[in-house]
Amino acid sequence: MPAPATTVVLFGATGDLARRKLLPGLLHLFASDLCDDLRVVGTSLEDFDTESFREFARTAIAEFSSHPVTDQQWDDFDDRLTFVRSDAGPDALRKAVEEAESHFPQGSQRLHYLSVPPKAALSVLAELHQAGLVERSRVIMEKPFGTDLASAKKLNAAVHEYFDESQIFRIDHFLGKEAALNILAFRFANGLFEPIWHRNNIDHVQIDVPETLGLETRAEFYESTGAYRDMVVTHLFQVLAFTAMEPPTSLEPDAITEEKNKVFRSMMPLNPEDVVRGQYLGYRDMKGVGPESETETFIALKCYIDNWRWAGVPFYLRTGKKMAEGARIISIAFKEPPKSMFPSGSGVGQHGPDHLTFDLADKARMSLSFYGKRPGPGFRLDKLSMQFAMGDTDWAGGALEAYERLIYDAIRGDHTLFTTADGIERLWEVSQPLLDNPPPVRPYDPGTYGPNQIHQLIAPRGWRLPFERKWREPTV
Ligand code: BG6
């Protein structure tokens with residue numbers, strides 16, 4: 001579907017996210033004809049002008065674009081970029097936007113992308129109001145959406161002073177990942193698994209997102225954020241909602257949002273005793289970090305969704321920096337059969353329960369592990385698996401990066417994959433006991449899976465990572 005003519009006003013246009021994701025993503029949307037009536041007005045505090053901004057964008061795109069970019073594509077895109085310094089004031093901003101819009105005599109809309117820290121977001125909204133750029137506009141806001149319930153409410157109220165909720169798109173890029181969307185396809189387009197997607201058959205769920213990268217360039221931002229606010233209250237809880245929600249009545253935004261919010265409403269407040277916070281050794285020596293910092297760079301927790309489908313089923317979430325490997329998995333552990341004819345020593349149950357695993361890596365994969373008979377005399381059992389890799393299909397090249405997809409959706413006004421004020425506020429509500437009473441941070445060595453306490457948290461179960469078996473490499 002062709003997108004309406006749009007001027008993207010990119011706040012934080014020279015920042016890290018713009019460089020790595022937003023500028024390459026906008027070029028790709030333009031070059032792939034999904035948004036061919038597109039202009040971009042970049043703005044930031046950097047001492048740039050249009051020419052140096054174009055140069056900046058060109059370098060960023062060359063370095064970070066996930067698709068090959070031809071000279072022709074760049075040349076077509078290049079003169080659609082302009083820049084205005086953010087301290088030039090609302091009139092200059094308005095003029096720059098109007099100049100961009102003059103290329104769309106048929107009429108156009110505005111998309112304000114706020115790639116700025118939360119403190120700056122409110123003044124940007126006020127400036128948009130002063131500049132008269134609220135009408136015909138949508139706003140994409142970046143997390144964190146507050147730091148607790150009170151601040152989230154304040155932020156939402158302030159946003160609503162100038163913009164209607166229907167204009168607001170709170171972005172969570174995990175929900176734009178193809179692999180995350182495939183959870184919905186897998187669950188709701190097939191009759192096979194949905195009947196057993198239930199506390200009667202599922203023992204527990206793990207959502208595990210270890211990262212190998214550290215905080216070299218971001219420690220100052222991270223120091224006041226920490227792993228819980230940076231990753232859990234945003235990405236991991238959103239993925240949890242996709243995994244746990246009831247079948248929506250349709251693929252419409254309201255239907256999906258309603259089911260996600262029902263999951264959040266059913267979540268039990270977090271118990272600080274079910275949380276392990278960690279900090280990698282060396283973090284306190286970083287620039288911008290205090291020598292006694294209590295900010296967690298790692299978190300693992302157990303939470304519950306207290307509804308008919310999930311009552312009593314623990315969800316284990318884990319994420320952290322400088323860990324042993326980078327992965328994003330959701331693992332559904334099935335209950336063992338109630339009785340077994342296989343004697344102990346046959347291998348039954350020896351490698352844990354059967355699992356269905358979604359790997360949300362950029363090259364999405366899925367596997368189903370089960371016990372099977374080893375060939376030969378007697379009845380020895382071993383864990384086997386069926387694996388699917390999206391890379392093996394003919395579709396693999398058609399993927400949109402998460403940010404590309406979400407910007408495209410916002411341009412078309414589709415809220416399906418964005419979070420709402422209600423949903424966010426509820427997540428802060430369930431977080432409050434942890435925020436009020438955080439357990440102490442435990443040190444861990446870089447290159448590990450976190451502090452030792454993670455094993456007590458999940459016992460008598462065990463963490464899926466590191467995998468005991470290798471994934472099959474895709475054939476292409
Ligand atoms: C960001 C967090 O939102 O997500 C980062 O701020 C994190 O700390 C990143 O590294 C992970 O996203 P992805 O898509 O690289 O897994």
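As the structure lists them, so they are numbered: ligands from 1, and atoms in each ligand from 1.
Side chains of Lys21 and His173 form no contact here, defined as non-hydrogen atoms less than 4.5 Å apart. Counting only heavy atoms from C-beta outward, the side chains of Leu10 and Leu111 never approach each other to under 4.5 Å.
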_Run the salt bridge (charged side-chain N to carboxylate O under 4.0 Å, His left out) test on Asp362 and Arg328 for me, step by step, so that the C-alpha distance in whole Å, both residues' side-chain angles and the decisive distance to 0.1 Å come before the verdict._
CA-CA 9 Å; Asp362 295 332; Arg328 301 181 205 114; 3.5 Å; yes
For ligand 1, output the ligand-protein N/O contacts shorter than 3.5 angstrom; if there are none, return none.
from, atom 1, to, atom 2, distance (Å)
ligand 1, 3 (O), Lys143, NZ, 3.0
ligand 1, 3 (O), His235, NE2, 2.7
ligand 1, 4 (O), His235, NE2, 3.4
ligand 1, 6 (O), Lys143, NZ, 2.9
ligand 1, 6 (O), Arg218, NH2, 2.9
ligand 1, 6 (O), Asp230, OD1, 2.6
ligand 1, 6 (O), Asp230, OD2, 3.3
ligand 1, 8 (O), Arg218, NH1, 2.8
ligand 1, 8 (O), Asp230, OD2, 2.6
ligand 1, 8 (O), Lys321, NZ, 2.6
ligand 1, 10 (O), Glu211, OE1, 3.3
ligand 1, 10 (O), Glu211, OE2, 2.5
ligand 1, 10 (O), Lys321, NZ, 3.1
ligand 1, 12 (O), His173, NE2, 3.1
ligand 1, 14 (O), His173, NE2, 2.7
ligand 1, 14 (O), Lys177, NZ, 2.6
ligand 1, 16 (O), Arg328, NE, 2.8
ligand 1, 16 (O), Arg328, NH2, 3.0

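The residues Glu258 and Arg265 are annotated as salt-bridged, a charged nitrogen and a carboxylate oxygen being separated by less than 4.0 angstrom.
Under the 6.0 Å cut-off for aromatic ring centres, Phe334 and His355 do not qualify, their centroids lying 6.0 Å or more apart. Residues Phe358 and Phe186 bring their aromatic ring centres within 6.0 Å.
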